[in-house]
Amino acid sequence: MKFERIYAEGVPEPEPGMWSNCKKTGDLVFISGLVAVSTEGEVIAPTDAHEQACCIFSYIQKHLEAAGGCMNDLAKMTIFLTDIRDRPAVLEARKKFFSNDFPCSTLIEVDALIDPRMLVEIEGMAVLGAGKN
């Protein structure tokens with residue numbers, strides 16, 4: 001099997017040669033840690049972890065759909081927060097994007113992300129077709 005790089009419309013892409021946001025091989029999809037940045041490079045909702053999480057989950061959803069899947073195919077995610085007190089806001093955002101059992105999940109507080117206005121980063125792994133009801 002080979003990797004296929006997945007591009008999703010409306011999701012900002014890194015500079016060429018830096019990393020891939022999403023790769024697929026067979027039914028497996030790997031999504032890099034995503035942050036709430038617009039396609040113009042602006043940080044979205046710099047003081048609102050809930051809005052940032054909603055943005056990131058929408059980016060994950062777009063990648064999964066571009067790969068041929070859906071949000072319920074997400075098997076594992078890791079959520080990085082710069083302030084653990086934002087956990088309830090992020091968990092509330094998560095509820096908007098899943099209709100089955102939630103994915104396996106790890107939540108970690110970190111000192112900082114790449115930009116101090118970024119409060120949340122989320123990465124994930126999915127198995128296409130596994131989340132169908």
Side-chain angles (χ1 to χ4, degrees):
M1 278 191 264
K2 291 187 176 187
F3 280 111
E4 173 188 355
R5 186 168 178 176
I6 303 297
Y7 296 91
E9 190 173 329
V11 179
E13 278 292 317
E15 293 179 35
M18 297 297 287
W19 69 86
S20 299
N21 278 342
C22 184
K23 291 184 93 172
K24 171 185 170 182
T25 183
D27 291 337
L28 299 177
V29 178
F30 303 90
I31 301 171
S32 292
L34 301 177
V35 292
V37 176
S38 71
T39 53
E40 293 79 31
E42 296 298 319
V43 175
I44 296 168
T47 61
D48 190 332
H50 179 267
E51 287 302 313
Q52 285 192 10
C54 285
C55 173
I56 296 165
F57 284 129
S58 75
Y59 288 169
I60 291 170
Q61 184 174 29
K62 288 177 183 181
H63 277 298
L64 288 172
E65 289 172 355
C70 65
M71 283 300 275
N72 288 330
D73 291 337
L74 198 66
K76 170 77 173 94
M77 67 180 166
T78 305
I79 301 170
F80 302 92
L81 298 179
T82 58
D83 186 339
I84 202 69
R85 293 172 294 186
D86 288 330
R87 179 181 171 269
V90 172
L91 296 181
E92 193 60 36
R94 186 173 71 166
K95 290 177 185 177
K96 296 179 179 182
F97 288 87
F98 297 96
S99 60
N100 275 352
D101 292 331
F102 288 118
C104 297
S105 183
T106 301
L107 188 137
I108 303 168
E109 182 180 37
V110 295
D111 288 333
L113 297 172
I114 196 164
D115 183 305
R117 298 170 297 166
M118 295 174 183
L119 309 174
V120 183
E121 183 169 339
I122 304 171
E123 66 179 13
M125 294 179 282
V127 179
L128 298 177
K132 291 182 180 172
N133 293 332

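Note that these values count all heavy atoms, side chains included, but never hydrogens, waters or copies made by symmetry. Throughout, residue positions are numbered sequentially from 1 according to the sequence presented.
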Review point. Checking side chain to side chain contact (heavy atoms under 4.5 Å, CB included) for the pair L81/V110: CA distance, chi angles, key distance, verdict?
Key: CA-CA 6 Å; L81 298 179; V110 295; over 6 Å; no
Exercise for review: Examine I44 and V37 and state if one hydrophobic cluster contains both, with Ile, Leu, Val, Met, Phe, Trp and Tyr joined whenever side-chain heavy atoms are less than 4.5 Å apart.
Suggested key: no
Review point. Is there side-chain contact between H50 and D86, with at least one heavy-atom pair below 4.5 Å?
Key: no
Exercise for review: Kindly indicate whether the side chain of F102, heavy atoms from C-beta on, has any atom under 4.5 Å from the side chain of R94.
Suggested key: yes
Check your understanding: What are the two closest heavy atoms between N21 and P12, and how far apart are they?
Key -> ND2-O, 2.9 Å
**Study point:** Nearest atoms (heavy-atom pairs only) where Q52 meets A45
**Key:** NE2-O, 3.0 Å
Exercise for review: Write down the atom of S32, the atom of S20, and the distance for their closest heavy-atom approach.
Suggested key: OG-O, 2.6 Å
Review point. Is any side-chain heavy atom of K2 less than 4.5 Å from a side-chain heavy atom of T25?
Key: no
Study note, to complete from the structure: With sequence neighbours left out, the residues meeting side chain to side chain contact (heavy atoms under 4.5 Å, CB included) with P88 are none
Practice item. Take V43 and M118 through the side chain to side chain contact (heavy atoms under 4.5 Å, CB included) test and state the conclusion after the steps. Key: CA-CA 7 Å; V43 175; M118 295 174 183; 4.0 Å; yes
Check your understanding: Do the rings of F57 and F97 sit parallel, tilted or perpendicular, given the 30° and 60° boundaries?
Key -> tilted
Point to revise | same_hphob_cluster(L113, I122) at 4.5 Å side-chain heavy-atom cutoff | key: no
Exercise for review: Can you establish whether the number of heavy atoms outside R5 located under 6.0 Å from its atom CZ is more than 12?
Suggested key: yes
Practice item. Taking D73 for its side chain and G131 for its backbone only, find out whether a donor-acceptor pair lies under 3.5 Å. Key: yes
Practice item. Taking the side chain as every heavy atom from C-beta outward, state whether I56 and V120 have any atom pair closer than 4.5 Å. Key: yes
**Study point:** Minimal non-hydrogen separation, A126 against L64, with atom names
**Key:** CB-CD2, 3.5 Å
Exercise for review: Applying salt bridge (Lys or Arg N to Asp or Glu O under 4.0 Å), name anything that partners E42, two or more places apart in sequence or on another chain.
Suggested key: none
Check your understanding: Measuring from L28:CG to M125:CE, what's the distance to the nearest 0.5 Å?
Key -> 9.5 Å
Review point. Picking from I79, T78, L74, what satisfies side chain to side chain contact (heavy atoms under 4.5 Å, CB included) with S105?
Key: I79
Point to revise | Distance-minimising heavy-atom pair for L119 and P46 | key: CD1-O, 3.8 Å
Check your understanding: Taking atom SG of C22 and atom NZ of K62, what is their separation to the nearest 0.5 Å?
Key -> 13.5 Å
Check your understanding: Do L91 and K95 have side chains that get closer than 4.5 Å, going by heavy atoms?
Key -> no
Exercise for review: Applying side chain to side chain contact (heavy atoms under 4.5 Å, CB included), run through L107 and R87 and close with a yes or a no.
Suggested key: CA-CA 8 Å; L107 188 137; R87 179 181 171 269; 4.0 Å; yes
Review point. At what distance, to the nearest 0.5 angstrom, does OG of S58 lie from CE of M71?
Key: 8.5 Å
Point to revise | Cation-pi check, K23 onto F3 ring (under 6.0 Å, within 45° of axis) | key: yes
**Study point:** M77 with L128, same ILVMFWY side-chain cluster at under 4.5 Å
**Key:** yes
Check your understanding: Is I108 linked to V90 within one hydrophobic cluster, defined over Ile, Leu, Val, Met, Phe, Trp and Tyr using a side-chain heavy-atom separation of less than 4.5 Å?
Key -> no
Check your understanding: In terms of hydrophobic clustering (I, L, V, M, F, W, Y; side-chain heavy atoms under 4.5 Å; direct or indirect links), are I60 and F98 co-clustered?
Key -> yes
Practice item. Show your working on side chain to side chain contact (heavy atoms under 4.5 Å, CB included) between I31 and E123 and close with a plain yes or no. Key: CA-CA 6 Å; I31 301 171; E123 66 179 13; 5.9 Å; no
Check your understanding: So, the side chain of S38 versus the backbone of E40: is there a donor-acceptor pair under 3.5 Å, distance only?
Key -> yes
Exercise for review: Taking all non-hydrogen atoms of both residues into account, name the closest pair between K76 and T106 and its distance.
Suggested key: NZ-OG1, 2.9 Å
